[in-house]
Amino acid sequence: TRLLTSVAIKHMPPCVTFFFSIKKGGGWCSTVKECSDSRLSTKGSSNFMKPIRFMGNGILGGDQLQNPDFYNWNKVYVRYCDGASFSGDAEAQAQDGTTLYFRGLRIYEAVIDELMEKGLANATQALFTGCSAGALSMMLHCDDFRARFPQEVSVKCFADAGFFLDEKDISGKRSLWSLYDRVIHLQNVRKVLPKDCLANKEPTECFFPAELIKSIRTPMFILNPSYDSWQIRNVLVPDSSAPDKSWLSCKENIRNCNSTQVEVLDGLRNKMVNDLKVVEDKEDWGMFIDSCFTHCQSLSGVSWHSPTSPRLENKTIAEAVGDWHSGRSQGAKEIDCKYQCNPTCNSLPPPRDVTAFNRVEIY
């Protein structure tokens, strides 16, 4: 686990960033074969990782003009290396007899312990954030992270494109639910799930953000496109649900969708808006739910804070998150109208086809 961290602690409000990044492959591995294949790549072992040059953009950037609230924070980048949003703790046997060690939870704990030794324990502020599968990991660990600091320390969480929905695909199957169910049982994820949720629901339901946020006590900001490109491509319309390939052009670029297809996408958006209603009652939480066809938005300078960034109430994402974090704006909860109503989304290029990023950050 010590190979995964890159830490710079200075005499300023420490910014610790967990950035779980996956360039290709799956955000989660749910079968012995998938996980066995991952162990021979950067997705499953630091033995295959090469040094990377840390070049921050968006919320990780060091330019005050492009990242006005967080440009001078300390940052830590933790690379993706497990298949269960850093929450698994189990073992299994691969077909060749090799033992697979699912140690995501232990990696998370070891990383935090090491960072505390390096100076994080002296932080006066900390922001724990994540993108995609990494945002789910952040949600699973948010309250645990908060509990590691004295009450006088300001600790908040920020989820970017991690609000995955338990939605049926167009063929009627709950494909993401099935994936999560396999992950939970294979990797023994139950340990990190909220006890109050487990008392009333199946563990798989408790892995979804709609249930997780009901139990999280730490202040959180949720950034998500309501027409999330990854969820449209992999949850709502996975390839198996449309074998006639009638959705290929629409999935590539929402501008290619016909009116009937847009109505189906509106249903995904409505599900997200409904599941987020619980946030309205959380006074110290914030939301920025735009109607763009994209996925993670906090890492790109274009979408984070630029003349062509998406805007809600005339604020960029950086301005909305900064106002929420600093307390300049209380209860900043913005939900965009439906697709095509927000012209500031038009400047974003169609996202490339990526599999769920695994990025979590702590500032």
Side-chain angles (χ1 to χ4, degrees), residues 18 20 27-30 82-90 102-109 112 128-148 155-168 173-224 228 231 234-235 268 270-287 289 333 356 358 360 362:
F18 272 164
F20 303 160
W28 308 275
C29 69
S30 63
D82 95 315
S85 290
F86 285 80
S87 59
D89 190 8
F102 302 110
R103 296 291 187 254
L105 177 57
R106 299 191 197 188
I107 292 170
Y108 159 77
E109 292 173 341
I112 298 299
F128 189 12
T129 114
C131 158
S132 195
L136 177 59
S137 177
M138 180 278 299
M139 292 183 193
L140 291 165
H141 297 301
C142 178
D143 281 344
D144 172 81
F145 182 72
R146 157 72 270 185
R148 294 169 182 261
V155 179
K156 297 184 178 183
C157 298
F158 170 35
D160 178 9
F163 205 81
F164 296 101
L165 301 171
D166 179 13
E167 179 76 331
K168 291 181 180 179
K173 296 179 180 179
R174 296 168 73 187
S175 54
L176 188 59
W177 189 95
S178 297
L179 170 66
Y180 280 0
D181 190 59
R182 295 193 301 270
V183 170
I184 287 170
H185 290 91
L186 177 65
Q187 301 204 39
N188 188 28
V189 170
R190 189 184 180 101
K191 290 182 181 180
V192 301
L193 301 178
K195 291 182 174 57
D196 54 346
C197 182
L198 290 173
N200 300 294
K201 298 180 181 294
E202 292 296 317
T204 304
E205 292 184 67
C206 300
F207 199 60
F208 279 93
E211 293 300 329
L212 287 173
I213 61 174
K214 295 176 183 179
S215 302
I216 296 172
R217 299 180 301 277
T218 306
M220 180 178 294
F221 192 100
I222 297 176
L223 165 65
N224 224 100
D228 189 313
Q231 296 198 61
N234 297 278
V235 178
L268 185 76
N270 294 340
K271 166 73 170 172
M272 181 176 295
V273 171
N274 186 67
D275 285 354
L276 284 167
K277 285 182 179 179
V278 65
V279 177
E280 295 294 339
D281 297 327
K282 294 175 177 280
E283 293 184 3
D284 48 5
W285 285 42
M287 286 190 297
I289 311 299
K333 302 181 179 74
N358 223 343
V360 180
I362 308 171

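The analysis underlying the following values was restricted to heavy atoms, covering all of them including side chains, and did not include hydrogens, waters or symmetry mates.
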For [X] and [Y], does a side-chain donor sit closer than 3.5 Å to a side-chain acceptor?
| X | Y | result |
| --- | --- | --- |
| R146 | T218 | no |
| W177 | T204 | no |
| D82 | Y108 | no |
| N224 | D228 | yes |

From [atom1] ([X]) to [atom2] ([Y]), nearest 0.5 Å:
| X | Y | atom1 | atom2 | answer |
| --- | --- | --- | --- | --- |
| R217 | D143 | CZ | CG | 4.5 Å |
| R190 | D89 | CZ | CG | 14.5 Å |
| L165 | L176 | CG | CG | 8.5 Å |
| E167 | S175 | CD | OG | 10.0 Å |
| L212 | F163 | CG | CZ | 9.0 Å |
| D196 | N200 | CG | CG | 8.0 Å |

Can you name the nearest heavy-atom pair linking [X] to [Y], along with the distance?
| X | Y | answer |
| --- | --- | --- |
| P203 | L193 | O-CD1, 3.4 Å |
| V183 | S30 | CG2-CB, 3.7 Å |
| G162 | M139 | O-CE, 4.0 Å |
| I213 | V279 | CD1-CG2, 3.9 Å |

Treating [X] as the side-chain partner and [Y] as the backbone partner, does any N or O pair qualify as donor plus acceptor under 3.5 Å?
| X | Y | result |
| --- | --- | --- |
| K191 | L105 | no |
| K333 | K282 | yes |
| E205 | A210 | no |
| Q187 | C29 | yes |
| R106 | G88 | no |
| S85 | A133 | yes |

Whether Y180 and F164 hold their rings parallel, tilted or perpendicular, with breakpoints at 30° and 60°: perpendicular
Audit row: F158, M220, side chain to side chain contact (heavy atoms under 4.5 Å, CB included) steps and yes/no: CA-CA 5 Å; F158 170 35; M220 180 178 294; over 6 Å; no
Stepwise side chain to side chain contact (heavy atoms under 4.5 Å, CB included) check, L140 with F207: CA-CA 8 Å; L140 291 165; F207 199 60; 3.6 Å; yes
More than 12 heavy atoms from other groups under 6.0 Å of CD on E280: yes
Heavy-atom side-chain contact between K201 and E211 under 4.5 Å: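 Heavy-atom side-chain distance check passes, below 4.5 Å.
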Any F208 side-chain heavy atom under 4.5 Å of L136 side chain: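 F208 does not reach L136 side chain to side chain.
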Aromatic ring proximity F86/H141, centre distance under 6.0 Å: no
Given L268, D275, V273, the one that forms side chain to side chain contact (heavy atoms under 4.5 Å, CB included) with K271: D275
